[in-house]
Structure formats: C-alpha cells, structure tokens
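Hydrogens, waters and symmetry mates play no part in the numbers below; they use all other heavy atoms, side chains included. Throughout, numbering of the chain's residues begins at 1 and tracks the sequence. A quick note: this is a predicted structure, and the numbers were derived from the prediction, not measured.
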Amino acid sequence: MRAVVVSDLHANAEALRAVFSRVRRKKFDCIACLGDFVGYCAEPNQVLDAMRTFKGTKYYLRGNHDRFVSSLEEGAGFNPAAKFAAEWTRERLSVPNRRFLEKLPLGPIDRGGFVLCHGSPEDEDEYLFNEFHAERIFESITAPIILYGHTHLPVVFSIDQKGKVRGSAIRGETTVRLDPNRRYLINPGSVGQPRDRNPRSSFAIVDSGRRTAQFFRVPYNIAKTQSAILKAGLPVVLANRLKWGT
C-alpha cells in the first residue's frame with residue numbers, strides 16, 4: 001500500500017492546495033488524514049470541502065480540534081487563541097462539513113496495512129515527543145507501521161527486535177528506508193501549521209510494499225493565509241506562527 005499521509009491541516013486551504021498540486025502526478029493508492037482538519041486558520045469549509053470530496057480511496061480520522069468543533073465540549077486544554085479559533089470555526093461550518101466532522105472515527109484504526117491515530121493509539125490528545133513515549137506505545141501495540149500526528153513535527157521512531165528504540169527528527173525532504181526487522185511510528189508533520197521552524201507544509205508518502213517513507217516540504221502562499229486569518233478577526237498570533245514555523 002502506497003499512501004499519501006497528511007495531518008493537522010488546520011483550515012489552511014492554501015497549504016492544502018500546494019500539497020495536492022505536489023502529489024498530483026505521483027502514484028498512490030490512498031490518502032490518509034490523521035486528524036485536525038480544522039482550527040487555527042480561517043478557511044475550514046474550503047479545506048473540508050476538498051478533503052470530503054476527494055476522488056479516490058481515503059482513510060480519515062478525527063483530531064482533538066475536530067472533536068471540539070463538532071461537539072459541545074468546553075475546550076479544556078486549549079490555549080486562548082486555539083479556543084477562540086475553534087469556537088469561530090464552530091459557528092461557520094456548513095451543514096455537510098459539520099456532519100462530516102461528527103462522523104469522523106476515533107483512532108486508532110487499521111487501514112491499508114497501517115494503524116492510524118491522531119495523538120497516539122492510547123489517547124488522541126497525547127503528544128508523542130520522545131523515545132520514552134515511543135517505547136511505551138511499541139509495547140502496547142504490535143503493528144509494523146503506526147502513523148500519527150498532533151505534534152506538527154515530522155519524525156520517525158523505530159524499535160528493533162531487541163526492544164531498542166531510536167528516534168530521528170526529519171529535516172527537509174528525504175526518504176527513509178524502513179527495515180523489515182523494525183517497527184515504526186511515523187509522523188508526517190503538519191500541512192497547515194508546521195512547528196519545526198520550517199514554514200513549508202509537511203507531508204509524507206509511506207509505501208508498505210517498498211518499505212519507504214518519503215517526506216516532502218512544500219511552499220505555499222503564507223501571506224495569503226495570514227491575510228485571511230486577520231480579515232476573519234482571528235488572533236494575530238495564529239498568523240505570525242505561520243511565518244516562522246513555530
């Protein structure tokens with residue numbers, strides 16, 4: 001299975017268009033989105049329309065922002081800017097897009113030979129940052145490849161047959177060869193709000209047959225996205241973070 005893997009789109013339509021343009025001529029079997037279609041940026045309906053009507057096999061699950069926007073939760077754990085954006089989004093979703101968010105499954109889900117989750121297989125709100133956390137996940141689930149998001153950081157963790165875990169942050173565009181004797185946790189980074197000090201959109205193509213994970217960085221019109229955020233009256237900090245990738 002060869003999957004285009006995206007996560008944390010966060011209502012950034014310009015970024016999503018740039019990613020779709022990049023993959024248009026590439027061969028793949030499906031697209032997998034690891035959650036957080038909405039939040040932060042000002043074009044939730046444009047992003048959801050594009051993802052909802054995507055032609056082809058698609059595997060989607062919800063993220064914590066999707067859950068909050070489509071429910072009556074109070075947004076516990078959200079910082080003020082994130083909560084403001086989520087509440088703003090909740091008021092502006094089209095009926096089809098609200099229903100789409102409401103029906104998104106909670107991870108983990110097993111699709112196409114991959115296990116998909118948002119934060120971790122144990123908790124969609126968990127931030128999986130380090131080898132200690134990765135080791136615990138590897139102990140709880142035996143899947144060969146687990147795809148996760150939420151941190152907005154492209155990274156690969158792996159464990160060998162002796163239980164040794166190693167992690168590697170992904171810088172720029174690269175291809176990681178997946179050892180058949182290791183199991184993997186792979187984060188494609190964020191399409192809509194990268195946080196590794198590289199403002200370009202991040203995504204991956206993971207091929208379980210060829211045992212490769214290709215990571216891509218795609219430039220997009222950040223100024224246009226920032227302008228949309230400010231015009232919508234969303235917090236200025238959300239526009240500023242896009243420029244610096246933080």
Side-chain angles (χ1 to χ4, degrees), residues 3 5-10 32-37 39-40 59-68 73 75-79 82 104-172 174 176-198 202-206 208 211-215 217 241 245-246:
V5 185
V6 297
S7 189
D8 299 280
L9 313 181
H10 285 300
C33 182
L34 308 177
D36 278 357
F37 293 76
Y40 296 134
Y59 303 130
Y60 296 162
L61 53 83
R62 79 181 190 189
N64 56 311
H65 285 256
D66 306 321
R67 182 187 73 235
F68 175 42
E73 285 190 20
F78 277 40
N79 64 53
L104 286 172
L106 166 67
I109 59 175
D110 191 338
R111 298 289 187 274
F114 306 110
V115 168
L116 315 179
C117 58
H118 183 62
S120 83
E122 297 178 341
D123 184 352
E124 68 183 339
D125 292 295
E126 180 179 17
Y127 288 95
L128 204 168
F129 281 125
N130 56 47
E131 293 176 353
F132 173 79
H133 286 148
E135 182 177 13
R136 193 187 76 232
I137 300 304
F138 282 127
E139 289 174 350
S140 68
I141 188 168
T142 60
I145 300 176
I146 305 165
L147 305 174
Y148 75 102
H150 195 42
T151 66
H152 297 213
L153 303 172
V155 66
V156 174
F157 292 101
S158 67
I159 187 169
D160 64 19
Q161 294 174 326
K162 296 182 180 180
K164 176 66 174 177
V165 176
R166 66 186 183 200
S168 179
I170 303 300
R171 306 297 182 190
T174 190
V176 177
R177 301 290 175 181
L178 306 180
D179 186 335
N181 295 313
R182 303 183 73 91
R183 294 187 288 124
Y184 289 87
L185 279 158
I186 299 173
N187 190 322
S190 171
V191 169
Q193 195 196 73
R195 292 181 184 166
D196 59 347
R197 301 190 181 278
N198 180 344
S202 181
F203 75 98
I205 295 179
V206 182
S208 60
R211 304 288 300 182
T212 58
Q214 295 177 273
F215 289 83
R217 301 307 291 252
R241 295 188 73 173
T246 59

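With hydrogens and angles disregarded, a donor-acceptor distance shorter than 3.5 Å links the side chain of E131 to the backbone of G167. Panel note: side chain H152, backbone Q193; a donor-acceptor pair is recorded below 3.5 Å. Under a 3.5 Å cut-off, the side chain of Y59 and the backbone N or O of L34 do not form any donor-acceptor pair. Panel note: side chain R62, backbone L104; no donor-acceptor pair is recorded below 3.5 Å. With N187 contributing its side chain and P154 its backbone, the two residues share no donor-acceptor pair below 3.5 Å. Remark: the backbone N or O of N64 is paired with a side-chain donor or acceptor of D36 at under 3.5 angstrom.
Side-chain contact check for Y184 versus V156: some heavy-atom pair is nearer than 4.5 Å. Here the side chains of D8 and H65 are not in contact, with every heavy-atom distance at 4.5 Å or above. Put simply, the side chain of L147 does not reach to within 4.5 Å of the side chain of P188, judged on heavy atoms. Contact of the Q214 side chain with the V176 side chain is not registered, since no non-hydrogen atoms from C-beta on lie closer than 4.5 Å. Using a 4.5 Å heavy-atom threshold, the side chains of I145 and I186 count as touching. Side-chain contact check for V5 versus F215: every heavy-atom pair is 4.5 Å or farther apart. V155 places none of its side-chain heavy atoms less than 4.5 Å from the side chain of F129.
Applying the salt bridge (Lys or Arg N to Asp or Glu O under 4.0 Å) rule to pairs touching residues 143-167 yields D160-R182, sequence neighbours excluded.
D110 contributes atom CG, which lies 8.0 Å from atom CD1 of I141 (distance to the nearest 0.5 angstrom). The OG atom of S190 lies 9.0 Å from the OH atom of Y40; values are rounded to the nearest 0.5 Å. Taken from SG in C117 to CG in L61, the straight-line distance is 7.5 Å, to the nearest 0.5 Å. To the nearest 0.5 angstrom, S7 atom OG is 10.0 Å from Y148 atom OH. To the nearest 0.5 Å, atom OH of residue Y60 and atom CZ of residue F37 are 6.0 Å apart. The structure places CD of E124 at 8.5 Å from CG of D66, a figure rounded to the nearest 0.5 Å.
In this structure, the side chain to side chain contact (heavy atoms under 4.5 Å, CB included) partners of T246, at least two apart in sequence or on a different chain, are R197, R241, W244. Under the side chain to side chain contact (heavy atoms under 4.5 Å, CB included) criterion, N130 pairs with F132, H133, sequence neighbours left out. R136 pairs by the salt bridge (Lys or Arg N to Asp or Glu O under 4.0 Å) definition with E122, E126, not counting sequence neighbours. For D196, the side chain to side chain donor-acceptor pair (under 3.5 Å) test picks out R217, with sequence neighbours left out. Shown here are the side chain to side chain contact (heavy atoms under 4.5 Å, CB included) partners of A134, two or more places apart in sequence or in another chain: L128, F138, F157, V165, L185.
The two atoms that bring I109 and L106 nearest to each other are CG2-O, 3.8 Å, heavy atoms only.
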Next item on the list: Mind running side chain to side chain contact (heavy atoms under 4.5 Å, CB included) on I137 and I146 for me, showing each step along the way?
Entry: CA-CA 10 Å; I137 300 304; I146 305 165; 4.2 Å; yes

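Between Y127 and H150, the distance from one ring center to the other falls under 6.0 angstrom.
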